[in-house]
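Report on the following structure.
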Amino acid sequence: MDKKGDQQIGIGAFTELLKKIPPNDPIDYYVLCGKNEQMYKQLQNENHPRFIPLPYISSRQEPIEITFLNL
């Protein structure tokens, strides 16, 4: 379902990325999993302190609020 310019990352790519990001990294990475419950649960189980998986968000305002909370 990849379109030119539209990239989607699977859970395998996130697993590799988790290995490269140290727990004391100064950046928090919010991963919008959408309706992909398997990805959401797997990222939660990884328990990486810098990766914060987010489930499906129905409101357009929620991502904006999350962004401002972390500035």
Side-chain angles (χ1 to χ4, degrees):
M1 194 168 136
D2 284 341
K3 298 174 187 170
K4 191 172 185 175
D6 181 24
Q7 297 181 9
Q8 296 179 357
I9 299 175
I11 190 64
F14 279 116
T15 303
E16 289 301 312
L17 190 57
L18 286 170
K19 294 176 188 175
K20 295 178 182 180
I21 296 175
N24 62 347
D25 193 282
I27 299 172
D28 287 330
Y29 297 87
Y30 290 85
V31 181
L32 185 56
C33 299
K35 294 182 180 180
N36 189 338
E37 291 182 30
Q38 180 183 2
M39 179 184 284
Y40 177 74
K41 288 177 184 176
Q42 191 165 350
L43 287 173
Q44 272 190 320
N45 289 338
E46 292 287 338
N47 203 27
H48 192 288
R50 295 292 139 220
F51 262 67
I52 298 99
L54 300 172
Y56 178 75
I57 297 175
S58 59
S59 165
R60 291 183 184 191
Q61 189 63 29
E62 281 184 71
I64 295 168
E65 290 170 2
I66 291 167
T67 301
F68 285 115
L69 285 173
N70 291 291
L71 290 179

Quiz prompt | E46 side, atom CD; K19 side, atom NZ - distance, nearest 0.5 Å | solution = 9.0 Å

Exercise. Taking atom CD of E37 as the centre, report whether more than 12 heavy atoms of other residues, nucleotides or ligands fall under 6.0 Å from it.
Key: no

Quiz item: L18 and Y40: same hydrophobic cluster, using ILVMFWY side-chain contacts below 4.5 Å?
Solution: no

Practice problem: Answer yes or no: is there a side-chain heavy-atom contact under 4.5 Å between L54 and C33? | Solution: no

Quiz item: Going through the distances and angles, do L43 and I52 end up as a side-chain contact (heavy atoms from CB on, under 4.5 Å)?
Solution: CA-CA 8 Å; L43 287 173; I52 298 99; over 6 Å; no

Quiz item: Do R50 and D28 sit within salt-bridge range, that is, some charged N less than 4.0 Å from a carboxylate O?
Solution: yes

Exercise. Taking the side chain as every heavy atom from C-beta outward, state whether L17 and F51 have any atom pair closer than 4.5 Å.
Key: yes

Self-check item: Sub-4.5 Å side-chain heavy-atom contact between H48 and I21
Solution: yes

